[in-house]
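The structure appears right after this line, and notes come after that.
Owing to the predicted nature of the structure, the values given are computational and were not obtained by experimental measurement.
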Amino acid sequence: MNFGPRTGLAAMLSLLLACSTPAREVQAAAGERPRVDTNEGYIAEVTRGPTRDMSDPVAVLHFVLEALPDTVRVMPTENYYYFRFVEAGVPWAGSIRLGPAEREMGKVELSYYKDIAPWAEDMAGGRHEILGADQGVKVAAEEALKYRVTAKGRSVLFVLNDMSNVVPPAALLGERERFIGPVFDESGVRFFLVYNGQAKVFHYLLDETVPVADELVPQSASPRILVGRRTGFAYYLDQLRDRKILIGVSEVQSRLNTYFDGPFDQLPENFIKGEELRTAIVDADASAKGEIDRLGNYLKEEGRYLIHPYMLYAKPADLMRVHTCAASRVKRPDLYAKCFVIEPEGAALGPPPVPRK
């Protein structure tokens, strides 16, 4: 999920429990026993009256910190700690982000807004703030990838996800492909971000070195297309290597900015070495030269270079265009790889789809 300057505001957030849940319950939910949500608990939350000033970002940050245990883990690789809660019958969503630049300056990025719904897709009441000493907020590094955030006397240690030793199996990459870094998406699915220097395209490859937190369902139109039952993520079973390439994300999930909007907003910024990402972006798109920093952030404006090669699909049948393209180009690796890249307006870089018989 992304909410903020990069796509409109700053990134949406995800806690496994509502932030108004007591810290001891959050800790219990993190254990081995599965959590059970009840309608009784839900009704208690939505019927609770106003409890805080949503126009005060420091008060909101303090409220969230108060609801958390003393130590939390930030799993997504773009360093977002997502949360949701209900205030006076209105659902809110948001995130605490410890980005590389901000945290080194002793600051934290806070974003929150009224949660999006199909009948209300605007991010109403949204706030995006960089908070630091000037606002009475303290961010201090305790050790590598561990940062303590303090607001109004409440302190929580944020442990960032250490994926520094995660690399793809050698057989997963082609001769002209370069591994950029590991991605842990807010959906709970892991990927390898790869750049193909021959075709000049990026791919998100499914990381199957760990159990995949989804059930991948083969599609009847082509068993090479697999769709996650939980996430809706669509993959193509590569015809050249034993791997799965992310080719699609549900358009509805993307529009509603959910946990299943795809990994474009979870770049592995803590683990990108040197100039690898910037070099790959400029190689793929010469217009980016001189416009971005080493992590793909724009130098002259807010936002980050978008690495979004996969399709936003409305129904699984839409994904067949990828298979049609791949089947026709399997003997041309330079062209074949482009079949898995979809331009933002939805036009495939490969040949137009052939009508099914």
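A distance of 9.5 Å separates OG in Ser111 from CZ in Arg97, rounded to the nearest 0.5 Å. Taken to the nearest 0.5 Å, the CG atom of Asp318 stands 10.5 Å off from the CG atom of Leu312. Interatomic distance, CZ of Arg321 versus CG of Leu319, reported as 9.5 Å (0.5 Å rounding). A distance of 7.5 Å separates OG1 of Thr77 from CG of Asp185, quoted to the nearest 0.5 Å. Between the CG atom of Asp214 and the OG atom of Ser187 there is a distance of 8.0 Å, given to the nearest 0.5 Å. Of the inter-residue distances, the one linking Thr324 atom OG1 with Arg329 atom CZ reads 12.0 Å to the nearest 0.5 angstrom.
Hydrophobic clustering (side-chain heavy atoms under 4.5 Å, transitive across Ile, Leu, Val, Met, Phe, Trp, Tyr) groups Val58 together with Leu98. Val189 and Val217 end up in different hydrophobic clusters when Ile, Leu, Val, Met, Phe, Trp and Tyr side chains are linked at under 4.5 Å. Val282 and Leu295 fall into different hydrophobic clusters, where Ile, Leu, Val, Met, Phe, Trp and Tyr residues are linked whenever their side-chain heavy atoms come under 4.5 Å apart, directly or through other members. Under the 4.5 Å side-chain heavy-atom criterion for Ile, Leu, Val, Met, Phe, Trp and Tyr, Leu246 and Tyr259 are members of the same hydrophobic cluster. Under the 4.5 Å side-chain heavy-atom criterion for grouping Ile, Leu, Val, Met, Phe, Trp and Tyr, Leu172 is not connected to Leu237 through any hydrophobic cluster.
Taking a cutoff of 4.0 Å between a charged side-chain nitrogen and a carboxylate oxygen, Lys200 and Asp283 qualify as a salt bridge. Looking at Glu102 and Lys107, no side-chain N of the basic residue comes within less than 4.0 Å of a carboxylate O on the acidic one, giving no salt bridge. The existence of a salt bridge linking Arg304 and Glu269 is confirmed by a sub-4.0 Å separation between a basic side-chain nitrogen and an acidic carboxylate oxygen. A salt bridge links Arg84 with Asp115: the closest approach of a Lys/Arg side-chain nitrogen to an acidic carboxylate oxygen falls below 4.0 angstrom. Salt bridge annotation for Glu276-Lys273: absent, with no cationic side-chain nitrogen under 4.0 angstrom from a carboxylate oxygen. Arg243 and Glu177 are joined by a salt bridge, as a carboxylate oxygen and a charged side-chain nitrogen come within less than 4.0 angstrom of each other.
Considering every non-hydrogen atom in both Ala151 and Leu61, the closest pair reads CB-CD2, 3.9 Å. In this structure, Tyr195 and Ala284 approach most closely via the heavy-atom pair OH-N, 3.3 Å. Listed here is the closest heavy atom pair of Ala199 and Lys338: O-CE, 3.3 Å. Pro57 and Leu110 get closest at one heavy-atom pair: O-CD2, 3.2 Å. For the pair Ala326 and Cys339, the tightest heavy-atom approach, listed with the atom from each and the gap, is N-SG, 3.5 Å. Contact record, Gln198 with Pro333: OE1-CB, 4.1 Å, taken as the closest heavy-atom pair.
A distance-only check finds a donor-acceptor pair linking the side chain of Arg154 to the backbone of Leu68 [under 3.5 Å]. At least one donor-acceptor pair closer than 3.5 Å links the side chain of Arg230 to the backbone N or O of Ala213. The backbone N or O of Phe264 sits less than 3.5 Å from a side-chain atom of Tyr310, completing a donor-acceptor pair. Using a distance-only test at 3.5 Å, with no hydrogens or angles considered, a donor-acceptor pair links the side chain of Arg127 to the main chain of Ser55. No donor-acceptor distance shorter than 3.5 angstrom exists from the side chain of Asn270 to the backbone of Asp162, with no hydrogens or angles considered. Judged by distance alone, the side chain of Thr38 and the main-chain N or O of Gly41 form a donor-acceptor pair under 3.5 Å. For Asp56 (side chain) and Asp53 (main-chain N/O), no donor-acceptor pair under 3.5 Å exists by modelled atom type. Formation of a donor-acceptor pair under 3.5 Å by the Gln135 side chain with backbone atoms of Gly132 is found in this model.
Below 30°, between 30° and 60°, or above 60°: for Phe191 and Phe233 the angle between ring planes is between 30° and 60°, a tilted geometry. Between Tyr305 and Tyr298, the angle of the ring planes lies from 30° to 60°, which puts this pair in the tilted group. Between His203 and Phe340, the angle of the ring planes goes over 60°, which puts this pair in the perpendicular group of the 30/60° scheme. Aromatic ring pairs are classed by plane angle as parallel below 30°, tilted from 30° to 60° and perpendicular above 60°; the pair Tyr236 and His323 is tilted. Relative orientation of the Phe85 and Phe63 rings is perpendicular, given thresholds of 30° and 60° on the angle between their planes.
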Query raised in the report: side chain to side chain donor-acceptor pair (under 3.5 Å) between Thr258 and Gln253: does it pass, once the steps are laid out?
Result: CA-CA 5 Å; Thr258 73; Gln253 300 295 336; 2.6 Å; yes
Query raised in the report: Would Val108 and Val137 satisfy side chain to side chain contact (heavy atoms under 4.5 Å, CB included), going step by step from the backbone distance to the final call?
Result: CA-CA 8 Å; Val108 64; Val137 175; 4.0 Å; yes
Query raised in the report: Run the ring pair (Phe, Tyr, Trp, His ring centres under 6.0 Å) check on Phe158 and Tyr81 step by step: do they pass?
Result: CA-CA 9 Å; Phe158 288 76; Tyr81 191 79; 5.6 Å; yes
**Report entry** Worked check of side chain to side chain contact (heavy atoms under 4.5 Å, CB included) between Met54 and Val60
**Finding:** CA-CA 6 Å; Met54 296 304 295; Val60 172; 4.1 Å; yes
Report task. Would you check, one step at a time, whether the test side chain to side chain contact (heavy atoms under 4.5 Å, CB included) holds for Asn297 with Ile292? Result -> CA-CA 5 Å; Asn297 299 299; Ile292 57 174; over 6 Å; no
Report task. Just do the side chain to side chain contact (heavy atoms under 4.5 Å, CB included) check on Ile180 and Val194 with the steps written out, would you? Result -> CA-CA 5 Å; Ile180 302 298; Val194 169; over 6 Å; no
Report task. Apply side chain to side chain donor-acceptor pair (under 3.5 Å) to Tyr147 and Arg103, showing your working. Result -> CA-CA 8 Å; Tyr147 293 83; Arg103 70 194 190 220; 3.2 Å; yes
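With a 4.5 Å cut-off on side-chain heavy atoms, Glu142 and Leu157 count as touching. The closest side-chain heavy-atom distance from Lys244 to Glu208 is below 4.5 Å. Using a 4.5 Å heavy-atom cutoff, the side chains of Arg294 and Leu277 are not in contact. Put simply, the side chain of Phe202 reaches to within 4.5 Å of the side chain of Ile281, judged on heavy atoms. Asp207 places none of its side-chain heavy atoms less than 4.5 Å from the side chain of Pro168. Looking at Thr51 and Arg48, their side chains come closer than 4.5 Å, going by heavy atoms from C-beta outward. Side-chain contact between Asn161 and Leu145 is absent, with no heavy atoms from C-beta onward closer than 4.5 Å. The shortest distance between side-chain heavy atoms of Pro268 and Met163 does not fall below 4.5 Å.
The side chain to side chain contact (heavy atoms under 4.5 Å, CB included) test with Met311 is passed by exactly one of Val322, Val341, Ile247: Val322.
Seen from the ring of Phe184, Arg190 does not count as a face-on cation partner, given the 6.0 Å and 45° thresholds.
Around the NZ atom of Lys146, the shell of radius 6.0 Å holds no more than 12 heavy atoms that belong to other residues, nucleotides or ligands. By the neighbour-count criterion of 12 heavy atoms within 6.0 Å, atom CZ of Arg73 is sparsely surrounded, having that number or fewer from other residues, nucleotides or ligands.
Side-chain contact annotation: Tyr336 with Asp238, donor-acceptor N/O pair under 3.5 Å present.
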